[in-house]
Amino acid sequence: MKKTVLVLNMGMKSIRSIIFDSGGNKLAGASLPIVTSLSGDSVTQEPSEWIEKAEACIAEVLRQTGNIHIDFFTVTASASCLVCIDETGTALIPCMMVSDRRAKEESSAISQSEAFAPVLHATKLAMDASLLLPKALWVKNKRPDVWDKVYKLLAPNDFLSGYFTGGIYATDYINAKKWHYDTKAQAYPDKLLATLGIPGRLLPTCIAPGSAIGSIDGGIAERLGLNKDILVVASTYDAICSFVGSGVHDEGESADVSGTVTVFRTVTHKDTGSLDSKLQGIDFNELGIHIVGGSNNLGGGLIEWVKQCYYQNEPLPYELMEKEAGETSVGAGGVIFLPYLLGERFPIWDSSARGVFFGLERAHTRKEMTRAVFESAGFIDVDMISAIESCGIAVKSIRCSGGLARIHLVSQIKADTTGKEIHVLSEFETTAAGAAMLCFIGQKVYGSLQEASDVFVTIRMIIKPDRKNHEKYRKVYALFKDTYKTVRPLFPERAKLLGSLYGATNTRIENL
(Lines give C-alpha, C1' and ligand atoms only; values in the text may rest on other atoms or scores of the structure.)
Protein backbone atom coordinates (compact mmCIF):
# COMPACT_ATOMS: atom_id res chain seq x y z
CA MET A 1 0.00 0.00 0.00
CA LYS A 2 1.36 3.43 -0.96
CA LYS A 3 2.34 5.85 1.80
CA THR A 4 1.30 9.52 1.71
CA VAL A 5 3.00 12.70 2.87
CA LEU A 6 1.54 16.17 3.28
CA VAL A 7 4.20 18.78 2.50
CA LEU A 8 3.88 22.35 3.72
CA ASN A 9 6.14 24.54 1.59
CA MET A 10 6.48 28.13 2.84
CA GLY A 11 8.30 30.41 0.43
CA MET A 12 8.99 34.12 0.06
CA LYS A 13 5.76 34.85 -1.79
CA SER A 14 3.35 32.00 -1.00
CA ILE A 15 2.60 29.04 1.21
CA ARG A 16 1.68 25.75 -0.46
CA SER A 17 0.23 22.48 0.76
CA ILE A 18 0.82 19.43 -1.45
CA ILE A 19 0.04 15.75 -0.92
CA PHE A 20 2.29 13.14 -2.57
CA ASP A 21 2.14 9.38 -2.46
CA SER A 22 5.15 7.07 -2.49
CA GLY A 23 4.56 6.38 -6.17
CA GLY A 24 5.68 9.93 -6.92
CA ASN A 25 2.15 11.12 -7.67
CA LYS A 26 0.96 14.59 -6.69
CA LEU A 27 -2.53 13.98 -5.34
CA ALA A 28 -3.57 17.53 -4.46
CA GLY A 29 -2.21 21.04 -4.06
CA ALA A 30 -3.29 24.45 -2.80
CA SER A 31 -1.53 27.77 -2.26
CA LEU A 32 -2.11 31.25 -0.88
CA PRO A 33 0.02 34.43 -1.16
CA ILE A 34 2.16 35.63 1.74
CA VAL A 35 2.78 39.31 2.41
CA THR A 36 6.41 40.42 2.69
CA SER A 37 7.17 43.82 4.23
CA LEU A 38 10.27 45.79 3.25
CA SER A 39 11.53 48.77 5.24
CA GLY A 40 15.12 49.86 4.73
CA ASP A 41 17.23 46.81 5.61
CA SER A 42 14.22 45.11 7.20
CA VAL A 43 12.51 42.23 5.32
CA THR A 44 9.81 40.53 7.36
CA GLN A 45 6.80 38.24 7.32
CA GLU A 46 4.18 37.54 9.98
CA PRO A 47 4.31 33.98 11.42
CA SER A 48 0.66 34.26 12.43
CA GLU A 49 -0.19 34.66 8.73
CA TRP A 50 1.78 31.47 7.96
CA ILE A 51 -0.36 29.48 10.41
CA GLU A 52 -3.67 30.93 9.21
CA LYS A 53 -2.89 30.28 5.54
CA ALA A 54 -1.21 26.90 6.17
CA GLU A 55 -4.37 25.65 7.82
CA ALA A 56 -6.49 27.01 4.96
CA CYS A 57 -4.29 25.25 2.39
CA ILE A 58 -4.38 21.99 4.34
CA ALA A 59 -8.18 22.16 4.53
CA GLU A 60 -8.30 22.64 0.76
CA VAL A 61 -6.08 19.64 -0.13
CA LEU A 62 -8.09 17.46 2.26
CA ARG A 63 -11.25 18.59 0.49
CA GLN A 64 -9.69 17.75 -2.89
CA THR A 65 -8.77 14.23 -1.77
CA GLY A 66 -11.84 13.44 0.30
CA ASN A 67 -9.88 13.52 3.58
CA ILE A 68 -7.33 10.95 2.46
CA HIS A 69 -5.31 9.21 5.18
CA ILE A 70 -1.96 10.99 5.69
CA ASP A 71 1.04 9.03 6.97
CA PHE A 72 3.62 11.80 7.25
CA PHE A 73 3.70 15.59 7.52
CA THR A 74 6.77 17.72 6.81
CA VAL A 75 7.58 21.41 6.48
CA THR A 76 10.10 23.09 4.23
CA ALA A 77 10.73 26.84 4.22
CA SER A 78 13.46 29.40 3.66
CA ALA A 79 16.59 29.09 5.79
CA SER A 80 18.30 31.86 7.77
CA CYS A 81 14.98 33.38 8.81
CA LEU A 82 14.61 34.08 12.53
CA VAL A 83 11.40 33.54 14.51
CA CYS A 84 11.49 34.53 18.20
CA ILE A 85 8.76 32.85 20.26
CA ASP A 86 7.63 33.01 23.86
CA GLU A 87 6.65 30.05 26.06
CA THR A 88 3.19 29.87 24.47
CA GLY A 89 4.71 29.42 21.00
CA THR A 90 3.64 32.91 19.89
CA ALA A 91 5.99 34.94 17.70
CA LEU A 92 7.17 38.02 19.57
CA ILE A 93 8.12 40.04 16.48
CA PRO A 94 7.76 39.57 12.71
CA CYS A 95 10.11 36.96 11.27
CA MET A 96 13.44 38.40 10.07
CA MET A 97 13.69 36.89 6.59
CA VAL A 98 16.90 35.70 4.94
CA SER A 99 17.36 38.94 2.98
CA ASP A 100 16.89 41.07 6.12
CA ARG A 101 20.14 43.06 6.54
CA ARG A 102 19.59 44.82 9.86
CA ALA A 103 22.28 42.76 11.60
CA LYS A 104 25.26 44.08 9.59
CA GLU A 105 26.95 45.59 12.64
CA GLU A 106 26.42 42.38 14.62
CA SER A 107 27.80 40.31 11.75
CA SER A 108 30.94 42.44 11.64
CA ALA A 109 31.40 42.22 15.40
CA ILE A 110 31.08 38.43 15.39
CA SER A 111 33.51 38.13 12.49
CA GLN A 112 36.13 40.05 14.48
CA SER A 113 35.57 38.04 17.65
CA GLU A 114 38.38 35.66 18.68
CA ALA A 115 35.72 33.08 19.50
CA PHE A 116 34.59 33.01 15.86
CA ALA A 117 37.94 31.95 14.36
CA PRO A 118 37.70 28.24 15.37
CA VAL A 119 34.03 28.21 14.34
CA LEU A 120 34.93 29.49 10.88
CA HIS A 121 37.68 26.89 10.61
CA ALA A 122 35.29 24.08 11.57
CA THR A 123 32.24 25.11 9.54
CA LYS A 124 33.83 26.92 6.54
CA LEU A 125 30.91 29.35 6.74
CA ALA A 126 31.80 33.05 6.72
CA MET A 127 29.74 35.34 8.89
CA ASP A 128 27.06 37.36 7.10
CA ALA A 129 24.13 39.50 8.19
CA SER A 130 21.75 37.05 6.51
CA LEU A 131 22.67 34.30 8.98
CA LEU A 132 21.04 33.48 12.31
CA LEU A 133 23.67 34.37 14.91
CA PRO A 134 23.85 38.05 13.84
CA LYS A 135 20.05 38.25 13.73
CA ALA A 136 19.73 36.79 17.22
CA LEU A 137 22.39 39.20 18.47
CA TRP A 138 20.53 42.09 16.84
CA VAL A 139 17.38 41.17 18.77
CA LYS A 140 19.43 40.93 21.98
CA ASN A 141 21.10 44.30 21.40
CA LYS A 142 18.33 46.31 19.77
CA ARG A 143 15.17 44.78 21.25
CA PRO A 144 15.95 43.85 24.88
CA ASP A 145 12.21 44.04 25.62
CA VAL A 146 11.71 41.16 23.21
CA TRP A 147 14.86 39.29 24.21
CA ASP A 148 13.71 39.03 27.81
CA LYS A 149 10.63 37.06 26.67
CA VAL A 150 12.35 34.70 24.19
CA TYR A 151 11.75 31.01 24.85
CA LYS A 152 13.11 29.66 21.54
CA LEU A 153 14.94 31.03 18.50
CA LEU A 154 13.68 29.16 15.45
CA ALA A 155 13.77 28.90 11.69
CA PRO A 156 10.37 28.78 9.92
CA ASN A 157 10.62 24.96 9.54
CA ASP A 158 11.12 24.60 13.29
CA PHE A 159 8.36 27.06 14.15
CA LEU A 160 5.72 25.45 11.94
CA SER A 161 6.69 21.88 12.88
CA GLY A 162 6.56 22.95 16.53
CA TYR A 163 3.10 24.41 16.03
CA PHE A 164 1.74 21.24 14.43
CA THR A 165 3.29 18.98 17.10
CA GLY A 166 1.98 21.12 19.93
CA GLY A 167 5.35 22.50 21.01
CA ILE A 168 8.15 20.08 20.04
CA TYR A 169 10.93 22.29 18.67
CA ALA A 170 13.57 20.53 16.57
CA THR A 171 15.63 21.40 13.52
CA ASP A 172 17.60 19.34 11.04
CA TYR A 173 21.39 19.62 11.03
CA ILE A 174 21.46 21.26 7.57
CA ASN A 175 19.17 24.04 8.78
CA ALA A 176 21.28 24.24 11.94
CA LYS A 177 24.35 25.11 9.84
CA LYS A 178 22.83 28.60 9.58
CA TRP A 179 23.59 28.78 13.34
CA HIS A 180 27.16 27.64 12.50
CA TYR A 181 26.37 24.17 13.76
CA ASP A 182 29.38 21.85 13.31
CA THR A 183 27.99 18.79 11.50
CA LYS A 184 31.13 16.71 12.12
CA ALA A 185 31.23 17.43 15.87
CA GLN A 186 27.41 17.46 15.97
CA ALA A 187 27.41 20.55 18.16
CA TYR A 188 26.34 24.17 18.20
CA PRO A 189 29.21 26.69 18.70
CA ASP A 190 28.80 26.76 22.50
CA LYS A 191 31.84 28.95 23.24
CA LEU A 192 30.84 31.52 20.65
CA LEU A 193 27.24 31.47 21.91
CA ALA A 194 28.49 32.07 25.46
CA THR A 195 30.67 34.96 24.28
CA LEU A 196 27.65 36.53 22.57
CA GLY A 197 25.39 35.96 25.55
CA ILE A 198 23.01 33.69 23.62
CA PRO A 199 22.02 30.71 25.84
CA GLY A 200 22.20 27.40 23.98
CA ARG A 201 18.85 26.37 25.48
CA LEU A 202 17.16 28.91 23.20
CA LEU A 203 18.14 26.91 20.10
CA PRO A 204 16.13 23.90 18.90
CA THR A 205 17.22 20.28 19.29
CA CYS A 206 19.19 19.13 16.24
CA ILE A 207 18.25 15.90 14.39
CA ALA A 208 18.97 14.31 11.01
CA PRO A 209 16.82 15.13 7.95
CA GLY A 210 14.15 12.47 7.58
CA SER A 211 13.92 11.88 11.34
CA ALA A 212 10.64 11.98 13.22
CA ILE A 213 9.96 15.05 15.36
CA GLY A 214 6.78 13.77 16.96
CA SER A 215 3.10 13.08 16.34
CA ILE A 216 0.67 15.70 15.14
CA ASP A 217 -1.13 17.59 17.88
CA GLY A 218 -4.48 15.92 18.50
CA GLY A 219 -6.43 19.14 18.82
CA ILE A 220 -5.08 20.53 15.54
CA ALA A 221 -5.75 17.22 13.76
CA GLU A 222 -9.35 17.15 14.96
CA ARG A 223 -9.96 20.78 14.00
CA LEU A 224 -8.53 20.36 10.49
CA GLY A 225 -10.03 16.92 9.84
CA LEU A 226 -6.65 15.13 9.78
CA ASN A 227 -6.14 11.60 11.05
CA LYS A 228 -4.43 11.62 14.46
CA ASP A 229 -1.68 9.06 13.72
CA ILE A 230 0.31 11.39 11.42
CA LEU A 231 4.05 11.47 12.09
CA VAL A 232 5.67 14.91 11.75
CA VAL A 233 9.07 14.46 10.07
CA ALA A 234 11.97 16.89 9.60
CA SER A 235 13.03 17.46 6.00
CA THR A 236 15.25 20.54 5.59
CA TYR A 237 15.15 24.05 4.16
CA ASP A 238 13.69 24.73 0.75
CA ALA A 239 16.89 25.23 -1.26
CA ILE A 240 18.21 21.80 -0.31
CA CYS A 241 14.81 20.16 -0.75
CA SER A 242 14.62 21.59 -4.26
CA PHE A 243 18.08 20.19 -4.97
CA VAL A 244 17.00 16.73 -3.80
CA GLY A 245 13.77 17.05 -5.78
CA SER A 246 15.78 17.67 -8.96
CA GLY A 247 16.99 14.06 -8.80
CA VAL A 248 20.72 14.77 -9.16
CA HIS A 249 23.04 12.21 -7.57
CA ASP A 250 26.11 11.75 -9.82
CA GLU A 251 29.35 13.78 -9.76
CA GLY A 252 28.99 17.13 -11.55
CA GLU A 253 25.21 16.98 -11.94
CA SER A 254 23.75 20.35 -10.99
CA ALA A 255 20.36 21.78 -10.15
CA ASP A 256 19.15 25.28 -10.95
CA VAL A 257 15.90 25.92 -9.11
CA SER A 258 14.62 29.41 -9.86
CA GLY A 259 11.55 30.31 -7.85
CA THR A 260 11.65 33.71 -6.16
CA VAL A 261 15.40 33.16 -5.74
CA THR A 262 17.84 31.08 -7.77
CA VAL A 263 19.34 28.08 -6.03
CA PHE A 264 22.33 26.57 -7.84
CA ARG A 265 24.10 23.54 -6.40
CA THR A 266 26.23 20.66 -7.65
CA VAL A 267 26.79 17.08 -6.49
CA THR A 268 30.34 16.11 -5.64
CA HIS A 269 31.96 13.22 -3.85
CA LYS A 270 35.04 15.30 -3.09
CA ASP A 271 35.87 16.50 0.39
CA THR A 272 34.28 19.92 0.99
CA GLY A 273 36.63 20.81 3.84
CA SER A 274 38.91 22.94 1.67
CA LEU A 275 36.19 25.06 0.06
CA ASP A 276 36.23 28.84 0.05
CA SER A 277 34.24 30.07 3.06
CA LYS A 278 31.83 31.92 0.76
CA LEU A 279 31.00 28.75 -1.15
CA GLN A 280 28.56 26.63 0.83
CA GLY A 281 29.41 22.95 1.17
CA ILE A 282 26.99 20.49 2.79
CA ASP A 283 27.85 16.94 3.74
CA PHE A 284 24.54 15.11 3.42
CA ASN A 285 25.43 11.94 5.26
CA GLU A 286 22.07 10.18 4.89
CA LEU A 287 22.20 10.54 1.09
CA GLY A 288 25.92 9.79 0.73
CA ILE A 289 26.67 12.95 -1.23
CA HIS A 290 28.26 16.38 -0.82
CA ILE A 291 26.40 19.45 -2.08
CA VAL A 292 28.22 22.60 -3.20
CA GLY A 293 26.76 25.95 -4.23
CA GLY A 294 24.38 28.51 -2.84
CA SER A 295 21.35 30.75 -3.23
CA ASN A 296 21.02 34.33 -4.40
CA ASN A 297 18.40 36.93 -3.46
CA LEU A 298 16.26 37.04 -6.62
CA GLY A 299 15.84 34.69 -9.60
CA GLY A 300 12.27 34.29 -10.75
CA GLY A 301 11.51 37.33 -8.60
CA LEU A 302 13.20 39.39 -11.33
CA ILE A 303 10.49 38.35 -13.76
CA GLU A 304 7.78 39.33 -11.29
CA TRP A 305 9.42 42.74 -11.02
CA VAL A 306 9.47 43.12 -14.82
CA LYS A 307 5.80 42.15 -14.94
CA GLN A 308 4.89 44.71 -12.29
CA CYS A 309 6.90 47.48 -13.99
CA TYR A 310 6.11 46.95 -17.67
CA TYR A 311 3.39 44.33 -18.16
CA GLN A 312 1.00 44.94 -15.26
CA ASN A 313 -2.03 45.60 -17.48
CA GLU A 314 -1.37 42.88 -20.06
CA PRO A 315 -3.81 39.93 -20.10
CA LEU A 316 -0.99 37.38 -20.73
CA PRO A 317 2.09 39.11 -19.27
CA TYR A 318 4.53 36.17 -19.21
CA GLU A 319 3.75 35.10 -22.77
CA LEU A 320 4.09 38.67 -24.01
CA MET A 321 7.37 39.38 -22.24
CA GLU A 322 8.85 36.14 -23.66
CA LYS A 323 7.61 37.05 -27.14
CA GLU A 324 9.02 40.57 -26.99
CA ALA A 325 12.35 39.49 -25.48
CA GLY A 326 12.63 36.92 -28.27
CA GLU A 327 12.22 39.65 -30.86
CA THR A 328 15.51 41.23 -29.76
CA SER A 329 18.97 39.85 -30.41
CA VAL A 330 21.72 38.44 -28.18
CA GLY A 331 23.03 41.23 -25.97
CA ALA A 332 19.65 43.03 -25.79
CA GLY A 333 20.77 45.74 -28.20
CA GLY A 334 23.60 46.74 -25.90
CA VAL A 335 21.57 46.90 -22.66
CA ILE A 336 23.12 45.32 -19.57
CA PHE A 337 21.09 44.66 -16.43
CA LEU A 338 22.59 44.07 -12.98
CA PRO A 339 19.91 41.98 -11.20
CA TYR A 340 20.71 42.88 -7.59
CA LEU A 341 17.36 44.40 -6.60
CA LEU A 342 17.69 43.14 -3.01
CA GLY A 343 21.48 43.09 -2.78
CA GLU A 344 23.14 39.77 -3.45
CA ARG A 345 24.23 36.64 -1.62
CA PHE A 346 26.01 33.82 -3.46
CA PRO A 347 28.38 34.28 -5.15
CA ILE A 348 29.31 38.00 -4.78
CA TRP A 349 28.01 38.57 -1.21
CA ASP A 350 27.35 42.28 -1.64
CA SER A 351 24.43 43.47 0.49
CA SER A 352 24.63 47.05 -0.79
CA ALA A 353 24.45 46.14 -4.50
CA ARG A 354 21.33 47.19 -6.38
CA GLY A 355 19.82 46.84 -9.85
CA VAL A 356 21.29 48.80 -12.74
CA PHE A 357 20.35 49.21 -16.40
CA PHE A 358 23.47 50.18 -18.35
CA GLY A 359 23.64 51.26 -21.98
CA LEU A 360 20.12 52.57 -22.52
CA GLU A 361 19.59 54.53 -25.74
CA ARG A 362 16.67 56.52 -27.09
CA ALA A 363 15.66 53.69 -29.43
CA HIS A 364 15.44 51.09 -26.66
CA THR A 365 12.04 49.89 -25.46
CA ARG A 366 10.71 47.50 -22.85
CA LYS A 367 11.64 44.68 -25.26
CA GLU A 368 15.38 45.28 -24.84
CA MET A 369 15.02 45.89 -21.12
CA THR A 370 13.10 42.63 -20.67
CA ARG A 371 15.66 40.74 -22.75
CA ALA A 372 18.45 42.20 -20.59
CA VAL A 373 16.69 40.95 -17.44
CA PHE A 374 16.30 37.48 -19.00
CA GLU A 375 20.00 37.49 -19.89
CA SER A 376 20.95 38.51 -16.37
CA ALA A 377 19.31 35.28 -15.16
CA GLY A 378 21.77 33.42 -17.38
CA PHE A 379 24.72 35.48 -16.13
CA ILE A 380 23.71 34.64 -12.54
CA ASP A 381 24.22 30.97 -13.42
CA VAL A 382 27.58 31.72 -15.05
CA ASP A 383 28.68 33.48 -11.86
CA MET A 384 27.59 30.54 -9.73
CA ILE A 385 29.25 27.96 -11.98
CA SER A 386 32.49 29.96 -11.99
CA ALA A 387 32.54 29.99 -8.17
CA ILE A 388 31.97 26.22 -8.01
CA GLU A 389 34.47 25.32 -10.73
CA SER A 390 37.13 27.55 -9.17
CA CYS A 391 37.27 24.93 -6.40
CA GLY A 392 38.04 22.14 -8.87
CA ILE A 393 34.48 20.77 -9.07
CA ALA A 394 33.29 20.43 -12.66
CA VAL A 395 29.69 21.31 -13.54
CA LYS A 396 28.65 18.84 -16.24
CA SER A 397 24.92 19.39 -16.80
CA ILE A 398 22.13 21.48 -15.27
CA ARG A 399 18.61 20.42 -14.31
CA CYS A 400 16.22 23.38 -14.29
CA SER A 401 12.96 23.72 -12.39
CA GLY A 402 10.98 26.35 -10.52
CA GLY A 403 8.68 28.96 -12.00
CA LEU A 404 11.38 30.54 -14.16
CA ALA A 405 11.90 27.22 -15.99
CA ARG A 406 8.40 27.62 -17.44
CA ILE A 407 9.77 30.37 -19.72
CA HIS A 408 11.52 28.51 -22.55
CA LEU A 409 13.54 31.52 -23.72
CA VAL A 410 15.10 31.89 -20.27
CA SER A 411 16.14 28.22 -20.31
CA GLN A 412 17.64 28.63 -23.80
CA ILE A 413 19.52 31.74 -22.64
CA LYS A 414 20.86 29.77 -19.67
CA ALA A 415 22.10 27.06 -22.06
CA ASP A 416 23.70 29.66 -24.33
CA THR A 417 25.32 31.71 -21.55
CA THR A 418 26.70 28.71 -19.62
CA GLY A 419 27.52 26.50 -22.61
CA LYS A 420 25.94 23.57 -20.72
CA GLU A 421 23.00 21.31 -21.53
CA ILE A 422 19.84 22.35 -19.71
CA HIS A 423 17.55 19.50 -18.62
CA VAL A 424 14.08 20.93 -17.94
CA LEU A 425 12.16 18.81 -15.46
CA SER A 426 8.54 17.75 -15.81
CA GLU A 427 7.77 18.64 -12.19
CA PHE A 428 8.44 22.30 -11.42
CA GLU A 429 7.54 21.85 -7.71
CA THR A 430 10.92 20.30 -6.90
CA THR A 431 11.02 21.85 -3.42
CA ALA A 432 7.89 20.06 -2.26
CA ALA A 433 8.87 16.89 -4.13
CA GLY A 434 12.32 16.94 -2.49
CA ALA A 435 10.78 17.33 0.97
CA ALA A 436 8.53 14.34 0.25
CA MET A 437 11.52 12.31 -0.98
CA LEU A 438 13.55 13.13 2.16
CA CYS A 439 10.61 12.15 4.33
CA PHE A 440 10.16 8.83 2.52
CA ILE A 441 13.92 8.09 2.57
CA GLY A 442 14.22 8.92 6.25
CA GLN A 443 11.22 6.74 7.11
CA LYS A 444 12.61 3.81 5.07
CA VAL A 445 9.96 3.88 2.34
CA TYR A 446 12.89 4.21 -0.12
CA GLY A 447 16.36 2.79 0.38
CA SER A 448 18.34 5.53 -1.40
CA LEU A 449 18.25 8.90 -3.13
CA GLN A 450 18.55 7.22 -6.53
CA GLU A 451 15.58 4.96 -5.79
CA ALA A 452 13.48 7.96 -4.81
CA SER A 453 14.67 9.95 -7.83
CA ASP A 454 13.74 7.15 -10.21
CA VAL A 455 10.17 7.33 -8.88
CA PHE A 456 9.74 11.11 -8.58
CA VAL A 457 11.86 12.78 -11.26
CA THR A 458 11.54 12.86 -15.05
CA ILE A 459 13.17 15.13 -17.62
CA ARG A 460 10.71 16.84 -19.96
CA MET A 461 13.15 18.52 -22.36
CA ILE A 462 16.86 18.80 -23.07
CA ILE A 463 18.05 22.17 -24.40
CA LYS A 464 21.47 22.26 -26.04
CA PRO A 465 23.51 25.49 -26.18
CA ASP A 466 23.83 27.40 -29.43
CA ARG A 467 27.63 27.61 -29.80
CA LYS A 468 27.55 30.82 -31.86
CA ASN A 469 25.39 32.52 -29.26
CA HIS A 470 27.63 31.15 -26.51
CA GLU A 471 30.64 32.91 -28.01
CA LYS A 472 28.66 36.15 -28.23
CA TYR A 473 27.51 35.80 -24.64
CA ARG A 474 31.07 35.38 -23.41
CA LYS A 475 31.73 38.94 -24.57
CA VAL A 476 28.45 40.28 -23.15
CA TYR A 477 29.15 38.56 -19.84
CA ALA A 478 32.56 40.24 -19.67
CA LEU A 479 30.83 43.63 -19.98
CA PHE A 480 28.27 42.55 -17.38
CA LYS A 481 31.09 41.84 -14.90
CA ASP A 482 32.93 45.07 -15.76
CA THR A 483 29.72 47.04 -15.21
CA TYR A 484 29.36 45.61 -11.71
CA LYS A 485 33.02 46.24 -10.86
CA THR A 486 32.72 49.84 -12.05
CA VAL A 487 29.57 50.77 -10.14
CA ARG A 488 30.26 48.68 -7.01
CA PRO A 489 31.94 51.56 -5.10
CA LEU A 490 28.85 53.70 -5.67
CA PHE A 491 26.38 51.37 -3.92
CA PRO A 492 27.40 52.26 -0.33
CA GLU A 493 27.35 55.95 -1.27
CA ARG A 494 23.85 55.52 -2.64
CA ALA A 495 22.73 53.86 0.61
CA LYS A 496 24.07 56.78 2.65
CA LEU A 497 22.34 59.28 0.39
CA LEU A 498 19.01 57.47 0.62
CA GLY A 499 19.27 57.34 4.40
CA SER A 500 19.88 61.08 4.61
CA LEU A 501 17.10 61.93 2.16
CA TYR A 502 14.29 59.58 3.10
CA GLY A 503 15.13 57.45 6.14
CA ALA A 504 13.46 54.01 6.21
CA THR A 505 10.38 53.52 4.05
CA ASN A 506 7.98 50.62 4.34
CA THR A 507 6.74 48.57 1.38
CA ARG A 508 4.38 45.62 1.38
CA ILE A 509 4.84 43.11 -1.43
CA GLU A 510 2.31 40.33 -1.97
CA ASN A 511 4.06 38.86 -5.01
CA LEU A 512 7.80 39.10 -4.57
Side-chain angles (χ1 to χ4, degrees), residues 252 254-256 258 262 264 266 293 296 298-300 302-303 305-306 310 318-341 344 346-348 353 355-390 394-400 402 404-424 461-488:
S254 304
D256 168 341
S258 291
T262 291
F264 195 103
T266 300
N296 76 344
L298 279 180
L302 296 170
I303 307 305
W305 173 75
V306 169
Y310 306 120
Y318 301 106
E319 291 84 348
L320 182 58
M321 67 173 71
E322 181 175 17
K323 175 181 177 294
E324 291 189 347
E327 291 170 353
T328 65
S329 58
V330 169
V335 179
I336 297 289
F337 179 65
L338 300 185
Y340 311 128
L341 300 181
E344 191 57 293
F346 178 69
I348 65 172
V356 173
F357 278 111
F358 170 74
L360 286 174
E361 299 180 13
R362 177 63 182 83
H364 289 144
T365 67
R366 72 179 184 182
K367 293 183 179 182
E368 286 80 16
M369 297 173 79
T370 300
R371 174 83 185 209
V373 174
F374 281 18
E375 291 181 343
S376 76
F379 296 149
I380 287 170
D381 276 9
V382 177
D383 270 353
M384 291 176 164
I385 291 169
S386 297
I388 293 168
E389 292 192 331
S390 69
V395 172
K396 296 177 181 177
S397 62
I398 304 168
R399 293 191 177 191
C400 281
L404 198 53
R406 299 178 190 273
I407 302 177
H408 178 79
L409 178 58
V410 173
S411 296
Q412 183 64 62
I413 287 172
K414 287 186 175 185
D416 293 348
T417 52
T418 64
K420 314 282 185 184
E421 279 191 359
I422 298 294
H423 297 179
V424 182
M461 180 191 309
I462 296 177
I463 301 176
K464 295 184 179 294
D466 182 310
R467 292 299 166 187
K468 291 182 179 179
N469 285 348
H470 178 58
E471 289 305 312
K472 293 177 183 177
Y473 273 126
R474 289 178 63 184
K475 298 174 183 177
V476 181
Y477 175 71
L479 182 58
F480 171 86
K481 295 300 290 182
D482 286 344
T483 302
Y484 169 67
K485 291 176 184 176
T486 301
V487 300
R488 180 173 57 188

Polar side-chain atom of [X] near backbone of [Y] as donor-acceptor pair, under 3.5 Å:
X	Y	value
E322	E319	no
H364	G333	yes
Q412	K464	yes

Could you measure the distance from the NE2 atom of H408 to the CE atom of M461? Nearest 0.5 Å is fine.
6.0 Å
CG on D383 to OG1 on T418, rounded to 0.5 Å
12.5 Å
Counting C-beta onward and ignoring hydrogens, is there a side-chain heavy-atom pair between [X] and [Y] closer than 4.5 Å?
X	Y	result
I380	F264	no
L338	T483	yes
F337	T370	no
V306	L302	no
R371	I413	yes

Greater than 12 external heavy atoms within 6.0 Å of F357's CZ
yes
Under a 4.0 Å N-O cut-off, is there an ion pair linking E327 with K323?
yes
Are R474 and E471 close enough for a salt bridge, meaning some N to O gap below 4.0 Å?
yes
If you take all heavy atoms of [X] and [Y], which pair is closest and at what distance?
X	Y	answer
D416	D466	OD1-N, 2.8 Å
T262	N296	N-OD1, 2.7 Å
A372	V335	CB-O, 3.6 Å
V424	S411	CG2-OG, 4.2 Å

Ring-plane angle category for Y340 and Y484, please: parallel below 30°, perpendicular beyond 60°, tilted otherwise.
perpendicular
For the residue pair Y473 and F379, categorise the inter-ring angle as parallel (less than 30°), tilted (30 to 60°) or perpendicular (more than 60°).
perpendicular
Does a donor on one side chain sit under 3.5 Å from an acceptor on the other, for S258 and D256?
yes
